**Student:** 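Provided herewith is a single structure, encoded as C-alpha cells, for subsequent inquiry.
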Amino acid sequence: MASKKIKLTDNFKKNVFINCPFDNKYRPFLKVILFTITYFELNPKISLEKVDSLEFRLEKIKNIISESKYSIHDLSRMVFVEKSELSNLQNMIESEIDEINFARMNMPFELGIDYGCRLFHPNNEINSKVTLVLDKEKYRYQRVLSDLSGCDIESYDNNPENLMGVLIDWISHNMDNVKHESTSELYGLFEDYEADFYNKFINSGYKDSEINSLPLNLYLVKLKESFGYTSI
Amino acid sequence: MLDYIDVNMVLDRMNAEQKEKDWYHISKRSGSWAVRKQGAKSSISAFDSQKKAISEVKKLIEKDSSIIIHREDGTIRQWQVKR
C-alpha cells in the first residue's frame with residue numbers, strides 16, 4: 001500500500017525537540033541547551049512551550065516530535081539502583097528516596113516515541129531526523145536501555161561548559177557550513193547573557209529566587225529577542 | 001529646556017555609567033575558578049578556590065565594579081559591588 005504523504009512543517013529543519021527534566025536542579029543545564037540551540041539559529045521546542053491545558057501532554061509531545069528534525073534526550077537524571085544498594089534504600093527516609101528521582105522514566109519513554117516516529121512516520125523525509133542522547137556516563141545506558149546500543153550517546157559530567165561543548169560538536173557535525181565561536185568563548189557569551197538577564201530583572205524589582213523560577217517560556221522569548229529572532 | 005549642552009558633562013556621565021558596567025565573572029572553568037570581564041573572550045586569571053578568586057579580584061578592580069559569583073552549575077550565587 002502506498003504510504004500517505006504527510007507534509008512536514010516549514011520549520012521542521014530548524015526545530016529541536018528537547019526532552020529533559022524541567023525541575024529547578026536541571027534548569028541551569030536546560031538554559032545552556034536553549035542558549036546554544038538558539039545561537040545556532042535553531043528553534044528549541046519544549047513540551048512546556050504550549051500552555052493550552054485542553055491539549056493532552058502526550059499529544060503535544062507527539063506533535064513537537066513530528067515537527068522537529070533534531071532532538072536532544074537527556075537521560076542523565078534517569079536513576080536506577082544496584083541490587084547491592086537495596087539494603088541502603090531500606091534505611092532511607094521518604095524525602096531521600098524522592099531526591100534520587102526514581103520516576104524519571106518520561107525521558108526514555110519520549111526517546112522511544114521519537115525513535116518510533118522516525119521508523120513509522122509516513123513521510124520519508126522524517127528519516128533525516130538527527131538525535132543526540134545525553135547520559136551521566138557514556139556506557140551506563142547499556143545496563144538499562146540496551147536497545148540503544150549503537151546510538152550516539154554523550155556525557156558531560158554534570159558540567160555546564162562540557163554540555164555546551166557536546167552540543168556544539170553535535171550541531172556542527174550535523175549542519176552544513178556552520179561557523180561558531182570556541183566552546184570557551186561561547187560559554188563566556190552565555191555567562192554575559194545570564195548576567196544581563198539577571199541584572200535587568202533585579203533592577204525591575206524581582207527577587208533572586210523569583211528570577212530563578214521565571215517561566216521557561218518567558219526565558220525563551222527573551223533569549224530569542226536578544227538574538228534578534230522574532231519569527232522562529 | 002536646556003540652552004546648551006555641556007559635552008564634557010555628558011561624556012563624564014557616560015564614562016561613569018560605563019564604569020558601573022564593568023562586571024567580572026568568577027566561575028568554575030576547566031577545573032579552576034576563573035576571573036573574566038564581561039564581554040571578554042578569555043579569562044584574566046584563574047585560582048584554585050572561589051574564595052581566593054574573590055579576594056584577588058577585589059584587589060584588581062575599580063570602585064563600583066561588580067563581581068558576579070557563579071555556582072558550579074553556572075547559576076549566579078551572588079552579585080557584589082565594590083564600594
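Quantities reported herein were computed from a predicted structural model and do not represent experimental measurements.
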**Student:** How about B/Lys82: does its NZ atom have over 12 heavy atoms from other parts shown lying under 6.0 Å from it?
**Tutor:** yes
**Student:** Counting neighbours of CG on A/Asn203 that are heavy atoms of other residues, nucleotides or ligands and sit closer than 6.0 Å, is the number greater than 12?
**Tutor:** yes
**Student:** Which one of B/Asp73, B/Ile68, B/Thr75 has the most heavy-atom pairs closer than 4.5 Å to chain A?
**Tutor:** B/Asp73
**Student:** Looking at A/Phe109, I'd like to know if its CZ atom is crowded, meaning that more than 12 non-hydrogen atoms belonging to other residues, nucleotides or ligands lie closer than 6.0 Å.
**Tutor:** no
**Student:** To the nearest 0.5 Å, tell me how far A/Asn159 CG sits from B/Ser30 OG.
**Tutor:** 8.0 Å
**Student:** Go through A/Asn199, A/Leu186, A/Leu163, A/Leu189 and name the one with the most non-hydrogen pairs under 4.5 angstrom from chain B.
**Tutor:** A/Asn199
**Student:** I need the residue from B/Glu72, B/Lys28, B/His70 with the largest number of non-hydrogen atom pairs under 4.5 Å to chain A.
**Tutor:** B/His70
**Student:** Between B/Gln38 and A/Asp192, is there a donor-acceptor pair closer than 3.5 Å when you use the side chain of the first and the backbone of the second?
**Tutor:** yes
**Student:** Does any N or O in the side chain of B/Arg29 come within less than 3.5 Å of the main-chain N or O of A/Ser184, such that one atom is a donor and the other an acceptor?
**Tutor:** yes
**Student:** Locate the shortest heavy-atom distance separating A/Pro160 from B/Gly74; write the atom from each residue and the value.
**Tutor:** CG-N, 4.2 Å
**Student:** Just wondering, are more than 12 heavy atoms of other shown residues or ligands nearer than 6.0 Å to NE2 in A/His180?
**Tutor:** yes
**Student:** Please name the pair of heavy atoms, one in A/Glu191 and one in B/His25, separated by the smallest distance, quoted to 0.1 Å.
**Tutor:** O-CE1, 3.4 Å
**Student:** So what's closer than 4.5 Å to chain B heavy atoms on A/Asn158: side chain, backbone, both or neither?
**Tutor:** neither
**Student:** Between B/Ser43, B/Gly39, B/Ser42, which has the largest tally of heavy atom pairs under 4.5 Å with chain A?
**Tutor:** B/Gly39
**Student:** Set out, in order, the CA-CA distance, both residues' side-chain angles and the distance that settles side chain to side chain contact (heavy atoms under 4.5 Å, CB included) for B/Ile76 and A/Phe197, then state yes or no.
**Tutor:** CA-CA 11 Å; B/Ile76 295 171; A/Phe197 185 89; over 6 Å; no
